[in-house]
Student: 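Below: one structure in structure tokens.
One-based numbering along the sequence shown.
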Amino acid sequence: MAKPLLKIQRYFRRKPVRFFSLILLYLTAGSLVFLHSGIIGGNFPGTRGSRDSVVASEMGGRTSSDTRGLGIMSRVTRRPGRRFGPRWTRKSGHEEAVRRGGDYTSSWNRALKGRNAKDMEDGRAKYIGCYIDNTQKRALRGVSFFDYKKMTVFRCQDNCAERGYMYAGLEFGAECYCGHKIQASNVSDSECNMECKGEKSNVCGGANRLSIFRLELSQESARRYGSAIFKGCFRRPENVTVALPFSAVIQNMSVDKCVDMCTEREKSLAVLAGDRCHCGFPTPQFSLHDLEDEEMCLHRCPGEEFESCGNDQFFVVYQTQVQDNRCMDRHFLPSRAKQQIALASFPGAGNTWARHLIELATGFYTGSYYFDGSLYNKGFKGERDHWRSGRTICIKTHESGKKEIEAFDSSILMIRNPYKALMAEFNRKYGGHIGFASQAHWKGKEWPEFVKNYAPWWASHTLDWLTYGKKVHVVHFEDLKRDLFSQLKGMVRFLGLNVSEDRLLCVEGQKDGNFKRSGLRKLEYDPYTTEMRTAIDELIRTVDAALKKRNMSGVPAEYMPR
């Protein structure tokens with residue numbers, strides 16, 4: 001017995017060994033203590049585990065891992081914030097006190113799981129039912145938007161309510177449609193069986209099925225024409241009944257009344273001609289391309305002293321909230337494409353916007369050399385395909401190497417004023433696709449470094465595609481904005497497709513899409529220094545000379561140094 005004790009004593013006399021042994025014993029003891037407290041906490045009330053369970057039950061069964069979309073931490077019960085949506089969606093009095101800190105969408109769950117609408121709590125939005133939807137003839141024909149990552153019931157309702165619509169419908173877990181009336185038949189609620197992408201506990205329609213809610217707004221709010229867009233004064237078309245198939249005489253005519261009538265009939269144009277109101281869509285017979293002097297339409301509305309209602313020969317035109325759905329259907333190519341066509345551009349030159357236009361104009365999805373999850377979530381379904389899949393009409397790319405360029409059979413090359421392109425890409429880099437870089441980024445070291453590296457790339461990108469591209473169709477961003485119809489028509493023909501003028505006119509009415517920056521945060525100063533401008537001006541001259549050398553028109557006049 002003495003010998004083993006002696007050996008242990010000698011072992012601990014060695015300082016390094018003794019030190020590490022004590023650390024090991026300390027960690028082992030600590031682990032046992034935490035293990036014991038965890039077991040106790042799981043079995044008795046009043047412990048942390050119990051509190052988490054109570055909070056989770058108040059949130060409608062959500063745990064900490066799935067409450068991130070609500071902005072609620074699992075251990076803290078917060079009062080509901082802006083995520084409840086506009087005031088008309090909120091509960092009041094006792095109902096709000098009962099639900100404080102809970103799942104704000106729980107009141108919809110009973111209806112979405114198949115119960116009758118009468119089971120719903122009274123509120124300003126009411127679940128109507130599950131309805132059939134068709135890509136060729138939508139049940140709700142107002143505006144629409146998609147989000148394949150964050151769509152929720154309340155987000156869809158918010159967007160439709162803000163635009164004054166009476167109904168909001170969700171489909172395929174991620175698509176939101178608005179409208180003033182439902183133009184389809186309803187089916188069993190069990191057919192609306194797809195979870196919302198942004199909240200797994202709720203249902204957002206199904207495949208070709210809409211979960212529809214009625215937004216209990218006042219008629220005045222839903223019918224106001226404040227969001228209608230004045231398009232201008234236009235000469236009467238030769239065959240007005242073909243160009244504008246629906247019309248009616250309105251007593252005490254006003255802009256408000258005509259817009260109301262055309263919105264009711266789900267038409268995107270409200271056209272005033274004296275005491276008669278015409279409704280329709282842009283067509284080759286009435287394209288809205290030949291704008292007249294507004295003085296030709298100065299004829300006072302009978303119902304409003306300070307409004308112009310046009311006359312028999314010159315019409316006043318407004319664009320209503322109704323979405324023109326003639327160009328909204330999009331699909332993958334029916335058969336594998338034999339050629340790879342690039343949609344090439346320097347970053348910030350409008351590639352995403354061009355994709356939006358091409359998809360609406362052709363009815364086919366565009367692809368990408370990359371995978372951008374944010375673009376896929378916003379409805380660019382071709383983003384997930386491999387760029388060689390052959391299922392998309394053209395492929396987005398920012399590449400400029402010889403090998404990458406020669407992989408394509410032809411290309412549409414987008415070019416934008418470098419001063420605008422560099423700022424757009426800087427905003428995207430530090431603020432996202434429709435966000436903005438902060439003042440700290442603009443005034444810090446990031447901006448000068450960015451210009452130094454990216455400005456030469458703007459020129460080399462264009463020069464490489466002109467040098468190595470097999471068949472190149474150049475489109476200037478500024479020309480596309482200025483004359484969208486003819487420029488987009490040329491792009492569609494270059495893609496080898498027949499041009500539908502009705503479809504192109506439809507695109508004109510919704511050309512911006514979901515990737516247009518608001519313009520409300522424009523810089524109040526010029527971020528370019530004299531040295532930057534000298535270098536960029538020289539690059540512009542180089543690109544201009546390269547284009548002219550290939551018998552193409554040079555860069556637009558606004559690019560050139562003054």
Side-chain angles (χ1 to χ4, degrees), residues 135 144-151 155 170-177 194-198 204 207 327-337 339-401 404-405 407-414 416 421 424-425 427-435 461 475 477 480 488 491-492 495 497 507 510-517:
T135 56
S144 63
F145 74 99
F146 309 145
D147 194 326
Y148 289 90
K149 187 176 182 180
K150 298 180 181 179
M151 181 62 72
R155 186 180 176 200
L170 296 109
E171 181 174 341
F172 207 65
E175 302 174 2
C176 176
Y177 297 89
M194 297 184 72
E195 292 181 331
C196 301
K197 298 296 184 180
C204 287
C327 57
M328 293 306 294
D329 59 301
R330 289 169 291 170
H331 312 278
F332 288 104
L333 292 175
S335 58
R336 185 182 173 88
Q339 291 190 329
Q340 298 289 346
I341 304 176
L343 178 62
S345 76
F346 173 78
N351 201 304
T352 301
W353 180 52
R355 290 179 67 184
H356 164 75
L357 297 176
I358 289 170
E359 290 193 359
L360 294 187
T362 66
F364 296 117
Y365 290 118
T366 58
S368 176
Y369 194 78
Y370 320 96
F371 170 64
D372 188 329
S374 65
L375 292 180
Y376 177 83
N377 292 330
K378 296 298 182 183
F380 288 96
K381 293 186 178 180
E383 193 75 25
R384 182 171 285 182
D385 271 36
H386 188 275
W387 68 278
R388 287 188 180 276
S389 70
R391 299 206 304 160
T392 54
I393 192 65
C394 61
I395 312 297
K396 164 191 173 177
T397 179
H398 298 310
E399 303 301 310
S400 56
E404 288 79 4
I405 293 173
F408 292 95
D409 299 290
S410 59
S411 62
I412 296 173
L413 177 60
M414 290 281 297
R416 186 181 186 183
E425 175 58 10
N427 275 321
R428 186 208 64 80
K429 186 177 178 68
Y430 290 101
H433 280 285
I434 56 175
H461 181 278
V475 176
F477 176 88
L480 186 59
L488 189 55
M491 294 165 73
V492 173
L495 293 169
L497 300 175
V507 177
Q510 44 208 334
K511 59 185 178 183
D512 289 338
N514 296 322
F515 287 89
K516 178 181 173 63
R517 289 188 175 86

Student: I want to check something: taking the side chain as every heavy atom from C-beta on, are Ser368 and Glu383 in contact at a cut-off of under 4.5 Å?
Tutor: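 Yes - at least one pair of side-chain heavy atoms lies under 4.5 Å apart.
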Student: How many angstroms lie between CH2 in Trp387 and CZ in Phe408, if you round to the nearest 0.5 Å?
Tutor: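 Answer rounded to 0.5 Å: 4.5 Å.
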Student: Take Leu480 and Met414, measure what side-chain contact (heavy atoms from CB on, under 4.5 Å) needs, and give me the verdict at the end.
Tutor: CA-CA 10 Å; Leu480 186 59; Met414 290 281 297; 4.3 Å; yes
Student: Between Pro334 and Phe364, what is the shortest heavy-atom contact and its length?
Tutor: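 Looks like CD-CE2, 3.8 Å.
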Student: Who are the side chain to side chain contact (heavy atoms under 4.5 Å, CB included) partners of Met328, not counting sequence neighbours?
Tutor: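 Listed in chain order: Ser144, Gln323, Asn325, Leu360, Gln510.
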Student: Who are the salt bridge (charged side-chain N to carboxylate O under 4.0 Å, His left out) partners of Arg416, not counting sequence neighbours?
Tutor: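 With neighbours one apart ignored, the set is empty.
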Student: Under the salt bridge (charged side-chain N to carboxylate O under 4.0 Å, His left out) test, which residues partner Asp385, sequence neighbours left out?
Tutor: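 Here the qualifying residues are Arg391.
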Student: Atom NE2 of His386 and atom CD1 of Ile395: how far apart are they, to the nearest 0.5 Å?
Tutor: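 Answer rounded to 0.5 Å: 9.5 Å.
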Student: Which atom names give the shortest non-hydrogen contact between Phe146 and Cys176, and what distance separates them?
Tutor: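 The answer is CD2-N, 4.4 Å.
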Student: Would a distance-only check, ignoring hydrogens and angles, find a side-chain to backbone donor-acceptor pair under 3.5 Å from Trp353 to Lys511?
Tutor: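 Answer holds: yes.
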Student: Using ring-ring contact (aromatic ring centres under 6.0 Å, His included) as the criterion, list what pairs up with Phe172, not counting sequence neighbours.
Tutor: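 Checked Phe172 against ring-ring contact (aromatic ring centres under 6.0 Å, His included); zero matches.
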Student: With sequence neighbours excluded, tell me which residues meet side chain to side chain contact (heavy atoms under 4.5 Å, CB included) with Ala361.
Tutor: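 By the side chain to side chain contact (heavy atoms under 4.5 Å, CB included) rule, Ala361 matches Leu488, Val492, Leu504, Val507.
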Student: When you measure from the side chain of Arg336 to the backbone N and O of Ser389, does any donor-acceptor pair fall under 3.5 Å?
Tutor: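 Yes; at least one donor-acceptor contact below 3.5 Å.
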Student: Taking only residues two or more places apart in sequence or in another chain, which ones pass side chain to side chain contact (heavy atoms under 4.5 Å, CB included) with Thr366?
Tutor: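 Thr366 satisfies side chain to side chain contact (heavy atoms under 4.5 Å, CB included) with Arg355, Ile358, Glu359, Phe380, Ile393, Cys394 only.
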Student: Please find the pair of heavy atoms, one from Thr392 and one from Leu333, that lie closest to each other, and give the distance.
Tutor: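 Heavy-atom minimum between the residues: O-CD1, 3.4 Å.
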Student: Going by side chain to side chain donor-acceptor pair (under 3.5 Å), name the residues that satisfy it together with Glu399, two or more places apart in sequence or in a different chain.
Tutor: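 So Glu399 forms a side chain to side chain donor-acceptor pair (under 3.5 Å) with Tyr370.
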Student: Is any side-chain heavy atom of Asn377 closer than 4.5 Å to a side-chain heavy atom of Lys150?
Tutor: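 SC-SC contact between Asn377 and Lys150 ruled out.
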Student: Kindly give the heavy-atom pair with the smallest separation between Ala354 and Leu343, and that separation in Å.
Tutor: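 Ala354 and Leu343 have their closest heavy atoms at CB-CD2, 4.1 Å.
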Student: Residues two or more places apart in sequence or in another chain: which of them pass side chain to side chain donor-acceptor pair (under 3.5 Å) with Tyr177?
Tutor: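 Arg138, Glu175.
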Student: Mind checking what makes side chain to side chain donor-acceptor pair (under 3.5 Å) contact with Lys381, not counting sequence neighbours?
Tutor: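 Here the qualifying residues are Tyr148.
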Student: Which heavy-atom pair separates Ala407 from Gln340 by the least distance, and what is that distance?
Tutor: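 Looking at all heavy atoms of both residues, the closest pair is O-CB, 4.3 Å.
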Student: Could you pull out all residues at least two apart from Asp409 that satisfy salt bridge (charged side-chain N to carboxylate O under 4.0 Å, His left out)?
Tutor: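 Asp409: no salt bridge (charged side-chain N to carboxylate O under 4.0 Å, His left out) contacts found.
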Student: How far apart are the C-alpha atoms of Thr352 and Asp372, what are their side-chain angles, what is the distance that settles it, and do they pass the side-chain contact (heavy atoms from CB on, under 4.5 Å) test?
Tutor: CA-CA 11 Å; Thr352 301; Asp372 188 329; over 6 Å; no
Student: Would you say that Met151 contacts Phe145 through its side chain, given a criterion of any heavy-atom pair below 4.5 Å between the two side chains?
Tutor: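 Result yes, sub-4.5 Å side-chain heavy-atom pair found.
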Student: Could I get the full list of side chain to side chain donor-acceptor pair (under 3.5 Å) partners for Asn351, not counting sequence neighbours?
Tutor: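 Expected list: Ser345.
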Student: My understanding is that only residues two or more places apart in sequence, or in another chain, count here; which of them pass side chain to side chain contact (heavy atoms under 4.5 Å, CB included) with Leu413?
Tutor: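 Scan of Leu413 (side chain to side chain contact (heavy atoms under 4.5 Å, CB included), adjacent residues dropped) gives Ala344, Ile415, His461, Thr462, Trp465, Leu466, Val472, Val474.
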Student: Going from CZ on Arg330 to NE2 on His356, what distance comes out if it is rounded to the nearest 0.5 angstrom?
Tutor: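 So the CZ of Arg330 and the NE2 of His356 are separated by 8.0 Å.
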Student: List the atom of Ala424, the atom of Gly348, and the distance in Å for their closest heavy-atom pair.
Tutor: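 Closest approach of Ala424 to Gly348, heavy atoms only: CB-O, 3.7 Å.
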